[in-house]
Amino acid sequence: MKRSNRLTFADNAGVALSLFAFLFAAYLLTYSGAFHSSDELSMFSVTESMVKRGSLDTNQLLWMGEQQGSYGPDGNLYSRKGIGTSLTAALLFWVAEHVVPFGNVQTTLLLNSLLTALTGVLVYLFALRLGYQHGVALCSALAFAFATMAWVYTKYFFSEPMVGLGLLASGYGLLWFRDRPHLSQFVLAGAFLGLAVLARLTTLVTVPFFLGYLAWRLWQEAKMSSAGKWAWFTTRALWFVLPILVSVALVGLYNYRRFGDFWQSGYLPQERFSTPLWTGLYGLLASPGKGLFLYSPILVAALFSSPHFFRHHRPE
């Protein structure tokens, strides 16, 4: 069911804060505070190097060789992972080193529990802004938090939680513009999408979809003549794209600092997209190893509810 009045974050601040506290507390019940894979070690090593030595290398993992890194021209080992998660986690690492008497590993690994709890709050606010009732919005947030693989990812120091938060926050910013147009919303939406790009460069494949939605909304809002409309449209689109371009430039600088080449991310020649399409789709959607619908069964409901959603929220 829908309702006509849309509530803002200020109207729901109490619920949003309570939801965040509840989700974070629940995630702490299954928090492990330990590494589960070499991927996590690689990204954590970047965080540790930045805070302790002002460096970007992962020489702590030299014993792994090129399993989780590539050697730069200077002979140091560097991670092949995106810089976004490691950079954000540096704040928690610094707090553990200088403020609270907790282990730096255990404190840093709280990051994804915090990010996923924030994403759950965004799911709630997103549903409200679409016009759904409070109960529907709250159930949607809880379904995301506890009936999807998002819960599992809170235990790992991977980049997916940051990507998820960045994508949803960017979408929320554009949806917010639909209700209360303001230039700052373009910047915030672009900044969050840029954050997702910093975490995983492959997130760039989503940018055209955001731009398509933005273009449609801007075109609906423009009230000027054809020439004026184009200038109005271009100016606002640029404010959205600018933070994304900054993120791409930062990725390039990060590459140059490690490997002396703006376009070299460190991935080895054999690390490429070579899996047959249907094998990959099965693996990602239905396999017992990482099947999306197996580990996020609530998404089965989306197959049946999508036509209804499409009729009522076609642009979104």
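Side-chain atoms are counted along with the backbone in the values below, which use heavy atoms only and exclude waters and symmetry mates.
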(request) Of all the heavy-atom pairs spanning Val197 and Val251, show the shortest one and how long it is. (result) O-CG2, 4.5 Å
(message) Parallel, tilted or perpendicular, judged at 30° and 60°: which one describes the rings of Tyr156 and Phe158?
(response) parallel
(request) For residues Ala147 and Pro297, report the shortest heavy-atom separation together with the two atoms involved. (result) O-CD, 3.7 Å
(message) Quick one: does any side-chain atom of Arg80 pair with a main-chain N or O of Glu66 as donor and acceptor, under 3.5 Å?
(response) yes
(request) Verify the neighbour count for atom OH of Tyr256: are there more than 12 heavy atoms of other residues, nucleotides or ligands below 6.0 Å? (result) no
(message) Are there over 12 heavy-atom neighbours, none belonging to Phe35, within less than 6.0 Å of that residue's CZ?
(response) yes
(request) With side chain to side chain contact (heavy atoms under 4.5 Å, CB included) as the test, would you mind laying out the steps for Leu292 and Met149 before giving the verdict? (result) CA-CA 8 Å; Leu292 180 65; Met149 62 178 69; 3.9 Å; yes
(request) Is it possible for you to say whether Leu188 and Phe209 belong to one hydrophobic cluster, with membership spreading through side-chain heavy-atom contacts below 4.5 Å? (result) no
(message) Within the structure provided, determine whether Gln68 and Leu41 are in side-chain contact (heavy-atom separation under 4.5 Å).
(response) no
(request) Look at the aromatic rings of Tyr27 and Trp151 and report parallel, tilted or perpendicular, splitting at 30° and 60°. (result) tilted
(request) Take Leu111 and Phe157, measure what side chain to side chain contact (heavy atoms under 4.5 Å, CB included) needs, and give me the verdict at the end. (result) CA-CA 8 Å; Leu111 176 67; Phe157 192 58; 4.1 Å; yes
(message) Could you tell me if the side chain of Ser86 sits less than 4.5 Å from the side chain of Lys81, heavy atoms only?
(response) no
(request) Please report the shortest heavy-atom distance between Val163 and Ala199, naming the atom on each side. (result) CG2-CB, 3.9 Å
(message) Can you confirm whether the side chains of Ser79 and Ser42 place a donor and an acceptor under 3.5 Å from each other?
(response) yes
(message) Please give me the minimum heavy-atom distance between Pro288 and Tyr295, naming the atom from each residue.
(response) O-OH, 2.6 Å
(request) Could you grab the distance from atom CG of Leu115 to atom CD of Glu160, nearest 0.5 Å is fine? (result) 12.0 Å
(request) Compare all side-chain heavy atoms of Leu23 with those of Leu142 and state whether any distance is below 4.5 angstrom. (result) yes
(request) State whether the side chain of Asn112 and the backbone N or O of Thr154 hold a donor-acceptor pair below 3.5 Å, judged by distance alone. (result) no
(request) Give the C-alpha distance, both sets of side-chain angles, the deciding distance and a yes or no for side chain to side chain contact (heavy atoms under 4.5 Å, CB included) between Leu253 and Arg257. (result) CA-CA 6 Å; Leu253 289 173; Arg257 173 61 183 81; over 6 Å; no
(message) Quick check: do Val241 and Leu211 have side-chain heavy atoms less than 4.5 Å from each other?
(response) yes
(message) If you count every heavy atom of other residues, nucleotides or ligands that lies below 6.0 Å from Arg200 atom CZ, does the total exceed 12?
(response) no
(request) Specify whether Phe20 and Phe24 have parallel, tilted or perpendicular ring planes, treating 30° as the upper limit for parallel and 60° as the lower limit for perpendicular. (result) parallel
(message) Can you tell me how far apart OG1 (Thr107) and CG (Leu92) are? Round to the nearest 0.5 Å.
(response) 7.5 Å
(request) Would you kindly confirm whether Leu238 and Val246 end up in one hydrophobic cluster when ILVMFWY residues are joined by side chain heavy atoms under 4.5 Å apart? (result) no
(request) Drop me the distance from Glu316's CD to Leu174's CG, to the nearest 0.5 angstrom. (result) 10.0 Å
(message) Does Phe144 have more than 12 heavy atoms from other residues, nucleotides or ligands lying within 6.0 Å of its CZ?
(response) yes
(request) Give, for atom CD of Glu48 and atom CD of Gln60, the distance between the pair rounded to the nearest 0.5 Å. (result) 4.5 Å
(request) Quick one: closest heavy-atom pair of Ala34 and Glu40, and the distance? (result) O-OE2, 4.3 Å
(message) Does atom CD1 (Ile298) have a neighbourhood of more than 12 heavy atoms from anything else shown, all under 6.0 Å?
(response) no
(request) Decide whether Phe210 and Trp216 are clustered together by the hydrophobic rule: side chain heavy atoms of Ile, Leu, Val, Met, Phe, Trp, Tyr closer than 4.5 Å, transitively. (result) no
(request) Specify whether His134 and Tyr124 have parallel, tilted or perpendicular ring planes, treating 30° as the upper limit for parallel and 60° as the lower limit for perpendicular. (result) perpendicular
(message) Checking side chain to side chain contact (heavy atoms under 4.5 Å, CB included) between Met43 and each of Leu87, Ile83, Thr85, which is the one that passes?
(response) Thr85
(message) Test your reading of the model: is there a side-chain donor-acceptor pair from Ser49 to the backbone of Ser45, 3.5 Å cut-off?
(response) yes
(message) Starting from Phe309, can I reach Leu125 by hopping between I/L/V/M/F/W/Y residues whose side chains sit under 4.5 Å apart?
(response) yes
(message) Could you check whether any side-chain heavy atom of Asp57 comes within less than 4.5 Å of a side-chain heavy atom of Leu77, counting everything from C-beta outward?
(response) no
(request) Fit a plane to each ring of Phe44 and Phe93, take the angle between them on a 0 to 90° scale, and name the class: parallel (under 30°), tilted (30 to 60°) or perpendicular (over 60°). (result) tilted
(message) To the closest 0.5 Å, what do you measure between OG1 (Thr116) and NZ (Lys155)?
(response) 13.0 Å
(message) Under a 3.5 Å distance rule, please check whether Ser247 uses its side chain to pair with a backbone N or O of Leu198 as donor and acceptor.
(response) no
(message) Strictly distance-based, threshold 3.5 Å: is any side-chain N or O of Tyr31 a donor or acceptor partner for the main-chain N or O of Gln106?
(response) yes
(request) State plainly whether one hydrophobic cluster holds both Leu285 and Tyr282, where clusters connect Ile, Leu, Val, Met, Phe, Trp and Tyr through side-chain heavy atoms under 4.5 angstrom apart. (result) no
(message) Are Leu28 and Leu110 packed together at the side-chain level, in the sense that at least one heavy-atom pair is separated by less than 4.5 angstrom?
(response) yes
(message) Any heavy-atom pair between the side chains of Tyr132 and His313 that's under 4.5 Å?
(response) yes
(request) First locate atom NZ of Lys52, then atom CD of Glu97, and finally report the distance between them rounded to the nearest 0.5 Å. (result) 5.0 Å
(request) Would you name the heavy atoms of Leu19 and Val121 that are closest together and state the gap between them? (result) CD2-CA, 3.9 Å
(request) Check whether any side-chain heavy atom of Tyr78 sits under 4.5 Å from a side-chain heavy atom of Leu56, and report yes or no. (result) yes
